[in-house]
Protein chains: 2
Amino acid sequence: MGETPHVSEPALDEQIAAYQREFADLDPQVEQIVSALGRLNRRMNVAYGRQNATLGISNAEWEVLKALVLSGPPYQLGPGDLAKRLGLTPAAMTHRIDRMVDEGLVTRDRDESNRVRVIIEITAEGRGKWLEAMRLATVFEGDLVQDLSPEERKSLGEVLIRLLRRVEQTQPDGGGRMEDLDRA
Amino acid sequence: MGETPHVSEPALDEQIAAYQREFADLDPQVEQIVSALGRLNRRMNVAYGRQNATLGISNAEWEVLKALVLSGPPYQLGPGDLAKRLGLTPAAMTHRIDRMVDEGLVTRDRDESNRVRVIIEITAEGRGKWLEAMRLATVFEGDLVQDLSPEERKSLGEVLIRLLRRVEQTQPDGGGRMEDLDRA
DNA sequence: AACCTAAACTTCGACTCTAAACTTTATAGG
DNA sequence: CCTATAAAGTTTAGAGTCGAAGTTTAGGTT
């Protein structure tokens, strides 16, 4: 994983002013929303990454643990299913699981009732790491929304879900992993 | 760049229900905000990637063009500056520029007044691609917020900026490129 | 003037991901 | 039965990134 390079992006206001200078047909209101979304997301991912690093796991590993825990008992999934949920190719999943098995976060076993299938199961250690990561994440997230009133939180959540639904209609599934992109 | 793998994630409601089952200390309101933010961002990046692909450029290249255009006349930046703005290491920037020079999107020249420096400048073709990409992006973004009233757009933008400021306070700069992570 | 240090970029080696080819196992037809 | 096809994972080759070492140039010190 390693330390991330230093970022130094212009202030959001300046950025939007530059957009208007170079591209006249721009709705600054919309641009503000889109740019803030992108930046916010990246900053949050960096913050999660720092926290997870203190637990000795990467965001990538956190994602796998999350999928396994949220799948519910018996906390098992196949590599293919995991790949679909995370938006990875099966090949990438194979390698990621290799590492996580080596680190003791998950186990890999053949399904004896159908020997083509493989079963990935979270270990006690993996579960513990996920729980700890969630504790850190919720503290961070609580701090993040600290300045928002209950009404603001409610309406923000609702608006975001409307936007999400709109994207899912317009861009019918099939997307996947994508390099992080700062629309700002 | 290539085709992205197929994604098939559980519905957001189910996901949040699963979180509450596995992690009692969770504020569903906050979780909804955070999860929707992550998913929305990923979907949008995938959509940009599809559009940019029709122009023959990747999101990575779009980012470089964007930085150059927004830097204003004379639309030149050094590799190091570009790397900082994009959150890449100088090494990665070198390689990315290599490709973009080959594709005719930018030029690379030594600064004769200080021969350690290198000047990257956008070409007419690069500028044209960026403009076209922006046209596609603004159509998509306009469609995205179509259901939001003017008041909703305004308050959404303001709330997002407050969140962004909060993150920037809490997580003082230094973040960078991070693999795309779906907090949902 | 010779040296030292810092800055800017590139090169190198390791790692992770994608796409495509391959292997193994299960199932359906002839 | 025996083969054909499909499904699930793995392996392989290539692309892109990071961290660290290396190279070139500028500028200050003695």
Side-chain angles (χ1 to χ4, degrees), chain A residues 1-8 45-46 49 53 57-64 76-103 106 108-120 174-181, chain B residues 1-8 45-46 49 53 57-64 76-103 106 108-120 174-181:
Chain A
M1 191 90 308
E3 199 48 30
T4 47
H6 192 80
V7 162
S8 166
N45 287 348
V46 170
I57 63 177
S58 66
N59 279 353
E61 290 168 335
W62 188 37
E63 276 189 298
V64 176
Q76 300 174 338
L77 290 172
D81 198 357
L82 276 169
K84 279 204 186 65
R85 297 187 190 221
L86 303 189
L88 289 179
T89 59
M93 204 64 236
T94 293
H95 298 315
R96 196 179 280 193
I97 290 168
D98 287 346
R99 288 169 247 144
M100 294 182 73
V101 169
D102 288 346
E103 293 165 346
V106 300
R108 165 156 43 192
D109 291 294
R110 285 218 106 73
D111 181 345
E112 289 304 331
S113 70
N114 180 345
R115 297 185 43 74
V116 181
R117 290 179 186 283
V118 169
I119 297 174
I120 308 303
R177 183 136 308 253
M178 178 107 322
E179 78 278 19
D180 202 19
L181 185 151
Chain B
M1 190 89 310
E3 199 49 32
T4 45
H6 192 78
V7 163
S8 167
N45 287 349
V46 170
I57 64 176
S58 67
N59 280 353
E61 291 167 335
W62 188 37
E63 275 189 300
V64 176
Q76 299 174 338
L77 289 172
D81 199 358
L82 276 170
K84 278 203 186 66
R85 296 187 189 224
L86 272 50
L88 288 180
T89 58
M93 203 65 236
T94 293
H95 298 314
R96 196 179 281 193
I97 291 168
D98 287 346
R99 289 169 246 144
M100 294 181 72
V101 170
D102 289 346
E103 293 165 346
V106 301
R108 165 157 40 193
D109 290 294
R110 284 219 164 280
D111 181 346
E112 289 306 331
S113 70
N114 181 343
R115 298 186 42 73
V116 181
R117 290 179 188 281
V118 169
I119 299 175
I120 308 303
R177 184 138 304 259
M178 180 107 318
E179 78 277 18
D180 201 20
L181 183 151

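Model, not experiment: these values are computed from the prediction. Below, chains carry the letters A, B, ... as their sequence lines are ordered, and counting in each starts from 1.
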Between [N] ([atom2]) and [X] ([atom1]): distance, integer Å:
{"X": "B:Asn59", "N": "C:dT18", "atom1": "CG", "atom2": "P", "result": "15 Å"}
{"X": "B:Lys84", "N": "D:dC18", "atom1": "NZ", "atom2": "C1'", "result": "16 Å"}
{"X": "B:Asn114", "N": "C:dA8", "atom1": "CG", "atom2": "C1'", "result": "8 Å"}
{"X": "A:Asp111", "N": "D:dA8", "atom1": "CG", "atom2": "C1'", "result": "11 Å"}
{"X": "B:Arg110", "N": "C:dC9", "atom1": "CZ", "atom2": "C1'", "result": "7 Å"}
{"X": "B:His95", "N": "C:dA14", "atom1": "NE2", "atom2": "P", "result": "15 Å"}
{"X": "A:Met93", "N": "D:dG9", "atom1": "CE", "atom2": "P", "result": "11 Å"}
{"X": "A:Arg115", "N": "C:dA26", "atom1": "CZ", "atom2": "C1'", "result": "12 Å"}

Problem - Main-chain N/O of B:Ala60 paired with B:Arg96 side-chain donor or acceptor, under 3.5 Å - result: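 Looks like yes, one N/O pair under 3.5 Å.
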Exercise for the section: Taking only the side-chain nitrogens and oxygens of A:Arg108, find out if one of them lies under 4.0 Å from OP1 or OP2 of D:dT10. Expected result: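 True: A:Arg108 side-chain N/O within range (under 4.0 Å) of D:dT10 OP1/OP2.
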Practice task
Please state whether the phosphate of D:dT17, meaning OP1 or OP2, lies under 4.0 angstrom from any side-chain nitrogen or oxygen of B:Arg99.
Solution key: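 Yes, because at least one side-chain N or O of B:Arg99 sits under 4.0 Å from OP1 or OP2 of D:dT17.
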Practice task
With the side chain counted from C-beta on, respond yes when B:Val118 and B:Arg110 share a heavy-atom pair under 4.5 Å apart, and no when they do not.
Solution key: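 When only atoms from C-beta onward are counted, B:Arg110 and B:Val118 do touch, with a gap below 4.5 Å.
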Handout entry: Nearest non-hydrogen partners of B:Met93 and B:Leu88, listed with the distance
Key =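 Closest heavy-atom pair between B:Met93 and B:Leu88: SD-CD1, 3.8 Å.
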Shortest side-chain distance from [X], nucleotide among [options]:
{"X": "B:Thr94", "options": "D:dC18, C:dT10, D:dT11", "answer": "C:dT10"}
{"X": "A:Val118", "options": "D:dG9, C:dT10, C:dT18", "answer": "D:dG9"}
{"X": "A:Pro79", "options": "D:dT17, D:dT10, C:dT10", "answer": "D:dT10"}
{"X": "B:Val116", "options": "C:dA19, D:dT24, D:dA7", "answer": "D:dT24"}

Practice task
Could you check B:Val106, B:Val64, B:Asp109 and say which one makes a side-chain contact (heavy atoms from CB on, under 4.5 Å) with B:Ile120?
Solution key: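 Filter result, single survivor: B:Val106.
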Handout entry: Atom pair CD1 (A:Ile97) and CD (A:Glu61), whose distance is rounded to the nearest 0.5 Å
Key =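 Those atoms lie 11.5 Å apart.
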Handout entry: Toward the 5' end of DNA chain D, by each residue's nearest nucleotide, A:Arg117 or A:Asp98
Key =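 Its nearest nucleotide being more 5', the pick is A:Arg117.
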